Number of protein chains: 4
Amino acid sequence: MNSILSSIKDPSLIEKRRNQIIRSAISLFEKKGFHRTTTREIAKEAGFSIGTLYEYIRTKEDILFLVCDSIYLQVRERLEAQIDPDNSSLAHFINVIRSYFYLMDDMQEEVIIMYQEVKSLKKESKDYVLQKEKDMVSMLERVIAKCFPHSLNSNERQLLANNIFIQGQMWGFRRWMLQKQFTLETYMDSQIQFLIQSIQAKSSSDKC
Amino acid sequence: MNSILSSIKDPSLIEKRRNQIIRSAISLFEKKGFHRTTTREIAKEAGFSIGTLYEYIRTKEDILFLVCDSIYLQVRERLEAQIDPDNSSLAHFINVIRSYFYLMDDMQEEVIIMYQEVKSLKKESKDYVLQKEKDMVSMLERVIAKCFPHSLNSNERQLLANNIFIQGQMWGFRRWMLQKQFTLETYMDSQIQFLIQSIQAKSSSDKC
Amino acid sequence: MNSILSSIKDPSLIEKRRNQIIRSAISLFEKKGFHRTTTREIAKEAGFSIGTLYEYIRTKEDILFLVCDSIYLQVRERLEAQIDPDNSSLAHFINVIRSYFYLMDDMQEEVIIMYQEVKSLKKESKDYVLQKEKDMVSMLERVIAKCFPHSLNSNERQLLANNIFIQGQMWGFRRWMLQKQFTLETYMDSQIQFLIQSIQAKSSSDKC
Amino acid sequence: MNSILSSIKDPSLIEKRRNQIIRSAISLFEKKGFHRTTTREIAKEAGFSIGTLYEYIRTKEDILFLVCDSIYLQVRERLEAQIDPDNSSLAHFINVIRSYFYLMDDMQEEVIIMYQEVKSLKKESKDYVLQKEKDMVSMLERVIAKCFPHSLNSNERQLLANNIFIQGQMWGFRRWMLQKQFTLETYMDSQIQFLIQSIQAKSSSDKC
DNA sequence: AATGAATGAGAGTTCATTCAT
DNA sequence: CATGAATGAACTCTCATTCAT
């Protein structure tokens with residue numbers, strides 16, 4: 001599934017231990033960041049020794065990669081579950097966006113890590129992770145295309161998908177600012193309202 | 001102006017040396033991040049010895065603070081120069097936003113540093129820096145209020161100001177995605193168009 | 001035969017497994033040296049698990065001892081097979097020396113290990129191994145004594161035996177130097193010629 | 001002079017500290033070998049902190065290289081001082097060899113290190129060091145050529161030079177064997193006697 | 001005011017060895 | 001008898017910081 005090497009043979013044990021590692025690492029990275037978190041702390045938090053940790057990864061950077069990979073996998077799966085590719089109704093569009101905002105609310109810790117630590121991955125891993133991000137923007141873009149087939153050109157769809165994607169992430173990343181002024185509901189509602197207005201305005205302005 | 005201690009008496013020398021430090025640090029942080037950059041490297045890049053560096057700061061974190069502080073000061077000054085508080089025309093609104101996007105294009109390195117490294121500041125410094133960010137969003141908000149006095153309520157203005165602010169930063173931060181699809185001009189034009197449409201749609205929908 | 005403890009009861013299995021261990025270890029030690037070779041690598045090369053390896057030895061040093069012991073045993077057996085204790089002819093002397101040089105050519109890997117790693121044995125094991133080396137020099141000395149009963153005194157015989165012994169080992173150990181200038185045949189022939197000349201010169205000078 | 005990098009600027013300090021490092025390392029390597037000696041032990045023995053040690057070298061292997069380089073330099077200088085390139089007398093030949101044996105007696109520790117640890121150098125450094133060894137054999141060869149211009153061909157000279165070189169080293173390396181039977185004087189005298197006999201026998205056998 | 005040699009706590013990583021299965 | 005997951009002491013190396021000059 002992913003390419004991190006381990007000296008352990010049992011695949012189900014690898015998965016179990018790596019999930020422990022990922023959980024511990026996310027919690028520590030969120031508090032202290034990747035660089036200030038030591039491998040020993042991660043091992044301790046995960047409940048095993050430093051030697052055991054290194055049976056399941058090769059370098060500290062592997063842990064960061066596991067974390068990033070796992071975050072995107074989770075976001076993708078949960079978002080995909082909300083998307084019906086054949087449904088072109090406005091209600092479905094709104095529903096997908098709301099689901100995405102709920103998801104981002106849920107994963108605030110993880111989003112912060114992505115923003116701050118991805119740059120510490122080596123180029124190859126970084127490219128892999130950023131491709132995942134592109135894939136997710138594309139998912140949103142396809143929903144837009146389905147629900148507003150005539151109003152927007154390709155560039156406009158991409159831009160809007162990107163804006164939505166960022167607005168979701170920023171709810172958690174800039175919580176020190178946004179979550180004083182807004183509840184999740186008011187934030188979502190306003191953003192969705194602006195969004196639909198600009199799409200529909202676009203649509204009617206084209207007609208004139 | 002800022003509270004970093006120095007053992008040097010001459011204030012103009014302090015300012016000169018600190019500017020050298022800031023310039024060197026920004027360039028290094030952008031390449032390698034705060035944690036992977038050593039104080040020795042910063043001193044060398046600035047053209048003096050590690051001993052001299054520590055005459056002008058107390059800890060490595062001080063350097064990060066100097067950098068963040070300087071970035072916001074610069075953004076603020078350049079944006080402020082574009083704002084005419086008495087001009088309520090749509091053209092002026094558009095002009096301010098365009099200026100802000102140009103500025104963000106210019107300061108991509110610095111924006112990346114802000115996003116990734118601010119969390120490494122200690123609480124007190126972080127609060128200080130984030131307050132600066134709030135101030136800047138407020139500047140945009142005031143322009144919106146001036147140019148669209150009736151269309152939007154306070155929360156909506158704040159949200160839009162925040163969206164604009166983020167969209168500007170993301171031009172640089174997500175360049176690996178956006179700068180393949182857009183030029184700065186097409187990005188700006190599209191964002192501004194969506195923005196104005198949603199404001200004006202809001203305005204007319206309220207009237208009905 | 002040797003005193004390394006094992007938790008396995010079946011002696012023939014012990015011998016079989018230990019021979020696997022020795023073969024793997026020699027090949028790895030030659031490439032990477034004793035310290036850079038891990039017990040895991042030895043077990044893997046031998047075709048069984050690290051747990052099994054430790055059923056047949058107690059410490060990593062045991063492996064080195066097994067290797068050294070096995071090398072000397074092999075050298076001794078092959079050299080002994082060439083020696084006829086009752087033959088006092090010059091031809092037999094030359095034949096023994098040539099056989100010894102062929103043997104050293106064959107065992108270059110092993111000789112290198114002996115030279116470089118014996119010091120890593122603990123005192124007791126080292127003494128045991130060095131005694132084996134003394135025994136082998138003595139074998140050569142006895143052949144000299146048989147073939148040149150009057151020309152040399154005891155010290156001289158020992159010195160020549162030692163010189164021959166070393167010259168054989170150096171053929172492999174200093175191959176980076178010798179094997180560019182000489183073939184095994186030219187090396188042997190020259191060394192034997194010098195050797196016999198100095199013995200015979202000794203003999204005739206004594207007579208004068 | 002040598003290419004090991006240091007972050008210290010003062011060259012005379014580098015030389016002083018590196019000599020301390022070399023002295024400490026030789027003493028420790030002789031007792032425990034390169035791999036069992038830790039960098040902390042070397043620093044402690046040299047009288048400074050681990051941090052200071054690493055200001056003067058980059059890796060542990062650098063220390064081994066410094067040691068090997070220094071040993072050869074010393075051997076070379078001391079041997080060169082004994083050689084008069086214009087003197088072709090037998091007495092001079094004998095004198096050079098005796099000087100070389102005294103030297104090897106003096107440097108037993110160092111010779112043992114060379115035999116056992118050179119293989120731990122990376123290829124490039126190893127080639128550099130082995131070239132030095134070749135150079136030293138060549139020095140002996142030139143003395144042979146000067147003193148016995150007609151008796152030996154080039155290959156024979158090389159072989160004898162190599163034999164002498166090894167016999168000197170083995171006095172220390174195999175002291176557990178040789179130094180029980182011989183004093184340095186008796187060892188030297190016997191070896192020189194055999195050597196001269198074989199050269200002179202060669203010379204006269206050629207004439208017949 | 002400027003220098004840079006010295007420091008040592010602490011980081012990531014390895015690997016011989018054990019022991020429950 | 002065989003396995004291999006688990007352990008943690010011990011290793012090499014880094015780097016922010018100090019202070020005598």
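Naming convention: chains lettered A, B, ... in sequence-line order (proteins, then strands); numbering from 1 in each chain. The model shown is predicted, which means the values in this text are computed figures rather than measured ones.
Of the two residues near DNA chain E, D:Arg17 and A:Thr59, the one whose nearest nucleotide lies more 5' is D:Arg17. Between D:Glu61 and C:Ile8, the residue whose closest nucleotide on DNA chain F is further toward the 5' end is C:Ile8. If you find the closest nucleotide of DNA chain F to D:Thr52 and to C:Asp10, the one lying nearer the 5' end belongs to C:Asp10. Heavy-atom distances to DNA chain E give each of C:Gly51 and C:Thr38 a nearest nucleotide, and the one nearer the 5′ end belongs to C:Thr38.
Using Watson-Crick or G-U wobble geometry with both donor-acceptor distances under 3.5 Å, F:dA20 finds its partner in E:dT3.
Taking atom CD1 on C:Ile14 and atom P on F:dA2, their separation rounds to 11 Å, with Å as the unit. In this entry the distance linking NZ of C:Lys60 with C1' of E:dT18 reads 17 Å, nearest Å. Put simply, CG on B:Leu28 is 12 Å from P on F:dA16, counting in whole angstrom units. To the nearest angstrom, C1' of F:dC1 lies 12 Å from CZ of C:Phe48. Atom-to-atom, CD1 of C:Ile42 to P of E:dT17 comes out at 11 Å; the value is rounded to the nearest Å. In this structure, the CD1 atom of A:Ile63 is 10 Å from the C1' atom of E:dG12, given to the nearest Å. Look at NZ on C:Lys9: it is 13 Å from P on F:dA2, rounded to the nearest Å. At whole-Å resolution of the value, CZ in C:Arg40 and P in F:dG4 are 12 Å apart.
Both cation-pi conditions hold for A:Lys60 and A:Phe34: the charged atom is under 6.0 angstrom from the six-membered ring centre and inside a 45 degree cone around its axis.
Across all strands shown, C:Thr37 has heavy atoms under 4.0 Å from sugar-phosphate atoms exclusively, and none from any base. Across all strands, D:Ile50 comes closer than 4.0 Å to base atoms (heavy-atom distances). Nucleic acid contact for C:Ser7: none, since no nucleic acid atom lies under 4.0 Å from a heavy atom of the residue.
Using a cut-off of 4.0 Å between Lys/Arg side-chain N and Asp/Glu carboxylate O, C:Glu117 and D:Lys119 are scored as salt-bridged. Salt-bridge check for A:Lys32 with A:Glu41: passed, with a basic side-chain N closer than 4.0 Å to an acidic carboxylate O. By the 4.0 Å N-to-carboxylate-O rule, B:Arg40 lies close enough to D:Glu55 to be salt-bridged with it.
Between A:Tyr54 and E:dT13 there is a side-chain polar atom (N or O) within less than 4.0 angstrom of OP1 or OP2. Within the 4.0 Å cut-off from OP1 or OP2 of E:dG12, not a single side-chain nitrogen or oxygen of A:Arg58 is found. At the phosphate of F:dT12, OP1 or OP2 sits under 4.0 Å from a side-chain N or O atom of D:Thr39. OP1 or OP2 of E:dT14 has not a single side-chain nitrogen or oxygen of C:Arg36 nearer than 4.0 Å. Dashed line: the shortest gap from a side-chain N or O of C:Tyr56 to OP1 or OP2 of F:dA2 is under 4.0 Å. Side-chain nitrogen and oxygen atoms of C:Ser49 include at least one within less than 4.0 Å of the OP1 or OP2 phosphate oxygen of F:dT3.
For A:Glu55, whose side chain is taken as the heavy atoms from C-beta onward, the closest listed nucleotide among F:dT3, E:dT7, F:dT7 is F:dT7.
Under the 4.5 Å side-chain criterion, counting only non-hydrogen atoms from C-beta, B:Phe48 is in contact with B:Ile21.
Between the side chains of A:Gln20 and A:Arg23, no donor N or O sits under 3.5 Å from an acceptor N or O.
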